[in-house]
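Data block below; observations after.
For the numbers below, each heavy atom of this structure counts, side chains included, while hydrogens, waters and symmetry mates do not.
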Amino acid sequence: METVVIIGGGLAGHRAATTFAELRPEQRTVLIHSETGTPYDRPPLSKDFLLEGKRPTLKGSELYADGVVLRDGTKATLIDPLRRIVHTDNGDPEHYDKLLIATGSRVRHLENFSVDPAQVHYLRTESDALRLRGVLTHGKRLAVVGGGFIGLEVSAIARRLGCQTTVFELAPRLLPRSASLSLSEWVATRHASEGGELHLNCANLRMSNNSKGEVLLTWDGGSAVADIVLIAIGIGPNAEIAADAGIDTADGIVVNARCETSVPGIYAAGEVTNYPVPALGRRLRSESWTVAGDQAVVAAQVMCGLDAQYQDLPWFWSDQCGVTLQSLGLPALATRLYRIGDVASERWLEIGADDHGRFVSAVGVNPGRDMTQLRRDARAGKPISPDLMSRAEEVDPSDLYLAAG
């Protein structure tokens, strides 16, 4: 009997496991999961979970009771590609015929500050969310370091819980890596209208406890105090176990469109991968829930002998302040910008194209079917729909996204 081992119990690992159960129920599938319990969904941790505390389950979790071998509370420590063994921290190795690495990402930590650890929070796991949920009580002052999707989602929820929120961002605007200028400005205006305080251009941000035990935040040109701090400055790939095994890495595990690594018999999927995007003519590592799940399905299909490739554009969404924000492709590549709708409203879409008129990106607020069509056409390799372009107006190039490193 063939044995397939999956390292990582996030969405990618889970989707691969469910795909194996469907395509090859006769094989032995082992999922090594460093957390306790079955895999769960991460996006709700920064939203509904903080309000309700209900564990966000994933479809197909019943497989771990009968079918897929779940080794939870177990960390993979070393891959031996020659002997095809995965070593673990509990001393029980797993032999594999094929291996999928779906180790995901970890939060980036802020260094060089002196604050009571009980007041400092990160958000990546269920235990992180439980700890944060316990302190987001009415009247508390929450400081969020980082103006990306996670920090902004938590800020919006914290205000619903009666907290005062302040976001601190090093860049001159919110969502500096994933949004056009107009979307950044829209989000800033929306959060401010709900009472959220924003500080941009926070160079040399420092944190310490003052004599009252409050968190004192200082930066060039300003200072503020808070009771709680959430540090949300991005994530990095858990690629070390692959690199130690001699697998090629470069800002993640390098894979081809078939999710194959540089070592035969070893595959990778999800946020840990650096993968090709032919439509954009480049490679990238994507921190996208959709990419993680869909790429894992492709990896499992290939490992089962099917002919499959992952070639989709990265797609993100974020629910906050009563709206859905979406981003498709890479806004940084756009040299021409077209807009459908009024950016002062709660429904609009911006389409980015390069100098040759080829689609490279789309961002918007509640874009609905228009974004769905763009995603569908991009997946099929089709140009921007004439219907969409007939409703769009070209906007001033000064509204284009400028890459922020």
Side-chain angles (χ1 to χ4, degrees), residues 45-51 107-124 128-179 181 183-235 318-323 325 365 404:
L45 296 180
S46 58
K47 299 183 281 290
D48 293 345
F49 183 85
L50 296 177
L51 290 175
V107 294
R108 299 188 188 278
H109 283 246
L110 189 65
E111 306 295 339
N112 302 319
F113 66 89
S114 179
V115 174
D116 182 349
Q119 295 171 287
V120 179
H121 295 259
Y122 292 88
L123 183 55
R124 182 64 180 170
D128 291 338
L130 281 168
R131 180 170 174 260
L132 180 61
R133 184 173 184 268
V135 298
L136 291 180
T137 56
H138 192 276
K140 287 293 181 70
R141 296 166 295 180
L142 171 66
V144 176
V145 179
F149 283 130
I150 296 297
L152 292 171
E153 288 171 358
V154 172
S155 296
I157 291 297
R159 288 195 296 273
R160 291 177 60 182
L161 293 169
C163 298
Q164 302 172 40
T165 67
T166 307
V167 173
F168 301 86
E169 171 57 52
L170 174 64
R173 62 189 180 90
L174 299 176
L175 303 171
R177 295 189 301 119
S178 53
L181 179 60
L183 182 58
S184 294
E185 292 177 343
W186 191 96
V187 172
T189 299
R190 184 56 169 252
H191 277 262
S193 74
E194 292 190 352
E197 190 172 346
L198 307 171
H199 291 292
L200 306 176
N201 295 299
C202 293
N204 298 313
L205 182 68
R206 295 288 185 270
M207 297 189 300
S208 61
N209 285 119
N210 62 20
S211 59
K212 298 179 180 180
E214 302 167 317
V215 180
L216 174 64
L217 300 99
T218 62
W219 64 97
D220 290 354
S223 64
V225 293
D227 303 305
I228 314 158
V229 178
L230 171 68
I231 298 175
I233 55 175
I235 56 179
S318 174
D319 295 321
Q320 54 184 277
C321 301
V323 300
L325 314 177
V365 175

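Every residue two or more places apart in sequence or in another chain was checked for a ring pair (Phe, Tyr, Trp, His ring centres under 6.0 Å) with H138, and none qualifies. In this structure, D319 has no salt bridge (charged side-chain N to carboxylate O under 4.0 Å, His left out) partners at least two apart in sequence or on a different chain.
Between L200 and P172 the shortest side-chain heavy-atom distance does not fall below 4.5 Å. The side-chain heavy atoms of T165 and V144, taken from C-beta on, include no pair separated by under 4.5 Å. Side-chain contact check for C321 versus R159: some heavy-atom pair is nearer than 4.5 Å. Side-chain contact between L152 and V167: present, with at least one pair of heavy atoms (C-beta onward) separated by less than 4.5 Å. Here the side chains of F113 and V229 are not in contact, with every heavy-atom distance at 4.5 Å or above. Side-chain contact between V154 and L142: present, with at least one pair of heavy atoms (C-beta onward) separated by less than 4.5 Å. The side-chain heavy atoms of L161 and T137, taken from C-beta on, include no pair separated by under 4.5 Å. Between M207 and L110 the shortest side-chain heavy-atom distance falls below 4.5 Å.
Between L175 and G148, the closest heavy-atom pair is CD2-C, 3.7 Å. Listed here is the closest heavy atom pair of L216 and S223: CD1-CB, 4.5 Å. Heavy atoms only, all atoms of each residue included: R124 and L45 are closest at O-CD1, 3.7 Å. Of all heavy-atom pairs spanning L136 and A158, the tightest one is CD2-CB, 4.2 Å. Nearest heavy atom pair, residue F149 against residue S318, reads CD2-CB, 3.4 Å. Here the closest heavy-atom approach between residue A129 and residue L50 is recorded as O-CD2, 3.8 Å.
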Test side-chain contact (heavy atoms from CB on, under 4.5 Å) applied to Y122 and L132, step by step: CA-CA 8 Å; Y122 292 88; L132 180 61; over 6 Å; no
For L51 and I157, what are the C-alpha separation, side-chain angles and deciding distance, and is it a side-chain contact (heavy atoms from CB on, under 4.5 Å)? CA-CA 7 Å; L51 290 175; I157 291 297; 3.9 Å; yes
Let me see the working for L123 and V107 under side-chain contact (heavy atoms from CB on, under 4.5 Å), right down to the final yes or no. CA-CA 8 Å; L123 183 55; V107 294; over 6 Å; no
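Of the possible donor and acceptor atoms, one in the side chain of S184 sits under 3.5 Å from a partner among the backbone N and O of L174. In this structure, E169 contributes its side chain and A171 its backbone to a donor-acceptor pair below 3.5 Å. Using modelled atom types, no side-chain atom of D116 and backbone atom of G213 make a donor-acceptor pair closer than 3.5 Å. Using modelled atom types, one side-chain atom of N209 and one backbone atom of E214 make a donor-acceptor pair closer than 3.5 Å.
Atom CG of D227 and atom NZ of K212 lie 11.0 Å apart (nearest 0.5 Å). If you take CZ on R160 and CD on E194, they are separated by 9.5 Å, rounding to the nearest 0.5 Å. Note that the CD atom of Q320 and the CD atom of E153 stand 6.0 Å from one another [nearest 0.5 Å]. Separation of atoms CD1 (I228) and SG (C163) is listed at 5.5 Å; rounding is to 0.5 Å.
Within a 6.0 Å radius of CZ in R108, more than 12 heavy atoms belonging to other residues, nucleotides or ligands are found.
Screening R190, H191, E185 for a side-chain contact (heavy atoms from CB on, under 4.5 Å) with V187, the sole residue that qualifies is H191.
F168 and H199 have parallel rings, their planes meeting at less than 30° on a 0 to 90° scale where 60° marks the start of perpendicular.
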